[in-house]
There are 2 protein chains.
Amino acid sequence: MTSTSPPPAPATERLPLRERKKLRTRQALVDTALRMFTERGFDATTLDELCEAVEVSKRTFFRTFASKEDVALAPVQDLWHAVLDDLSTRLPDGRPVLHQLQDTMLATVGRMAADGWTERLRASRRLISQVPAVEAHSLHFCNRTSRAAIAILRQRLALPDPGDPRPRLALGMLLTAVDCALDAWASRPGPATRTGLAADLRAAFAAIPDGLTLTAGPAGPGPR
Amino acid sequence: MTSTSPPPAPATERLPLRERKKLRTRQALVDTALRMFTERGFDATTLDELCEAVEVSKRTFFRTFASKEDVALAPVQDLWHAVLDDLSTRLPDGRPVLHQLQDTMLATVGRMAADGWTERLRASRRLISQVPAVEAHSLHFCNRTSRAAIAILRQRLALPDPGDPRPRLALGMLLTAVDCALDAWASRPGPATRTGLAADLRAAFAAIPDGLTLTAGPAGPGPR
DNA sequence: AGGCTTGTGCCACTCAGTGGCACAACAGAG
DNA sequence: CTCTGTTGTGCCACTGAGTGGCACAAGCCT
């Protein structure tokens, strides 16, 4: 993973000029990309155009992001990086792994600090819904993230051996629920709020056990 | 989805010459691609080389497949297309949706008819594990497939409204389990068998509820 | 201030992917 | 069997994401 997520805002002032400039460039690329991709379309916006708007070379773009999709996904990736960070430091308790993961997710959302993060996250998630290449890239990133989460958990918990599918299944449930929540939240008109996202996440997490037991009768003959 | 999966083998002889030639070309591209990608690497094999080996133009390649990844994924996609076909015709019963989906999956595996399908499926799944671009593409395809499955189910069952996350969660569980099973099966040395795949699928399906409840104590201080 | 390290832009290039078009091959009717 | 219409193929030129090399600029540290 080439993208580097920004460190917490308060520590930024202590970084050398070089680092600060890099972060500024990164942020300018993300903000401009989200704006241009949203206004004119992902495929219709070339990297040449994006780099000209930000006044950096394409070479610099690729030093900052691994791909065109990566810049579109940066806000989502930043969120998941923060989740993994939290998971790395969080004390495990005796509850089911899935519940611990859910709490980590909610705690991270409660702690996101970057100015405007919710608007950027929403724009990013909307691109996922609208652009096949971005969606594919996002799914791949989430898959890698779930593997990283399992690796972190493996250091802290006595997880079953790597051939056992249960940790993967637990992470899969979490990811599907988070995706449903993000989709619902990002689709909603009005301001993108932290509390709205947390509510959507809680609702999706609560629905997970029902995925196991959902039954449905035959479709009725009535109008649909 | 540009790729067209081959019809059941016995009906092939009734097709016009044009159709038969197209299927032959498609199969030659799949077989040669799997071989070349496996021997020398996906990224190290260019489409020019593949098309020269099969003696078709690149233009024809792109009339047959939507992308380079698609040809690598063809066997996996063929399997899922068959699953969706089965789902379209299967009579719904009153059991949980997830169980019905599992049975559909197993029935389809029991019914796959193309010569050598297991070896091709295994080669394809191995490329998914080894090549990031193929894995991303596969995840995206499976995501689209789960949406298609929900659409099919929606016509036959009184599923909850589209905003309800439970059908997505059920499909997510199925897909994660199938992926675990395919991964385990494809990683195994020796012949790729139908019964081996069915066994792996059954084991993964049985593990799904445990994903909900999995608990793990703190990692021990022992050597790891 | 000077020397070293790191970052940037420029350039040439590759390769997946696209669209247009002339010609070839097939299908079906008479 | 012939003829005509339909469909498929290959060729060609091109685009844009992505890559690697290298000279020079900018920052850092003594």
Side-chain angles (χ1 to χ4, degrees), chain A residues 1-4 12-29 32-33 36-37 40-74 127 131-137 140, chain B residues 1-4 12-29 32-33 36-37 40-74 127 131-137 140:
Chain A
M1 293 204 262
T2 303
S3 294
T4 56
T12 308
E13 278 71 28
R14 297 209 189 82
L15 294 172
L17 182 61
R18 270 175 168 156
E19 294 298 321
R20 272 183 277 132
K21 291 182 76 171
K22 277 170 65 180
L23 291 173
R24 240 179 266 143
T25 298
R26 182 182 188 276
Q27 197 71 337
L29 283 167
T32 308
M36 289 174 94
F37 294 162
R40 39 211 297 200
F42 181 82
D43 293 321
T45 307
T46 65
L47 285 178
D48 282 337
E49 289 167 335
L50 171 60
C51 292
E52 184 175 339
V54 179
E55 295 181 320
V56 295
S57 71
K58 221 159 81 174
R59 194 70 191 82
T60 294
F61 175 88
F62 281 111
R63 290 197 183 98
T64 312
F65 297 101
S67 66
K68 188 180 177 184
E69 290 80 15
D70 256 12
V71 73
L73 287 179
L127 287 173
V131 185
V134 179
E135 186 180 39
H137 214 83
H140 192 220
Chain B
M1 294 207 263
T2 303
S3 296
T4 57
T12 309
E13 279 71 25
R14 297 211 191 81
L15 294 173
L17 181 60
R18 268 176 166 152
E19 294 298 321
R20 274 182 277 132
K21 291 182 75 170
K22 277 170 66 180
L23 291 174
R24 240 179 268 141
T25 298
R26 182 181 187 278
Q27 196 73 332
L29 283 167
T32 308
M36 289 173 92
F37 293 162
R40 33 204 308 190
F42 180 82
D43 293 323
T45 307
T46 65
L47 286 178
D48 281 338
E49 289 166 336
L50 171 60
C51 292
E52 185 176 336
V54 180
E55 295 180 321
V56 295
S57 70
K58 222 160 82 174
R59 196 68 190 85
T60 295
F61 175 88
F62 282 110
R63 288 198 184 97
T64 312
F65 297 100
S67 66
K68 187 180 177 184
E69 290 79 16
D70 256 12
V71 71
L73 288 179
L127 287 173
V131 185
V134 179
E135 185 180 38
H137 215 80
H140 191 220

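Every chain is numbered from 1, with letters handed out A, B, ... down the list of sequences.
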At under 4.0 Å between heavy atoms, how does the protein contact nucleotides 6-13 of chain C? Give one character per nucleotide, 5' to 3', with B, S or -.
BSBBB---
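For A/Arg59, the side-chain contact (heavy atoms from CB on, under 4.5 Å) partners two or more places apart in sequence, or in a different chain, are A/Ser57, A/Phe62, A/Arg63. Judged as a salt bridge (charged side-chain N to carboxylate O under 4.0 Å, His left out), and not counting sequence neighbours, the contacts of B/Lys58 are B/Asp48. Applying the salt bridge (charged side-chain N to carboxylate O under 4.0 Å, His left out) rule to A/Glu135 yields the partners B/Arg147; only residues at least two apart in sequence or on another chain are considered. By the side-chain contact (heavy atoms from CB on, under 4.5 Å) test, B/Ala28 is found to be paired with B/Val54, residues two or more places apart in sequence or in another chain being considered. The side chain to side chain donor-acceptor pair (under 3.5 Å) test applied to A/Thr32 returns no partner, not counting sequence neighbours. A search for side-chain contact (heavy atoms from CB on, under 4.5 Å) contacts involving B/Thr45 returns B/Met36, B/Phe37, B/Arg40, B/Glu49, not counting sequence neighbours. With sequence neighbours excluded, no residue forms a side-chain contact (heavy atoms from CB on, under 4.5 Å) with A/Asp43.
What separates CZ of B/Arg24 from P of D/dG8 is a distance of 15 Å, to the nearest Å. Summarising the geometry, the separation between CG on B/Leu17 and C1' on C/dA24 is reported as 13 Å, rounded to the nearest angstrom. Counting to the nearest Å, the P atom of D/dC28 and the CG atom of A/Leu15 are 11 Å from each other. In this entry the distance linking CZ of B/Arg20 with P of D/dT7 reads 18 Å, nearest Å. Taking atom CZ of B/Phe65 as the reference point, atom P of D/dG8 lies 15 Å away to the nearest angstrom.
A 6.0 Å sphere centred on CD of A/Glu19 holds more than 12 heavy atoms belonging to other residues, nucleotides or ligands.
Of the residues in residues 40-53 of chain A, those lying under 4.0 Å from DNA chain D by heavy-atom distance are A/Thr45, A/Thr46, A/Leu47.
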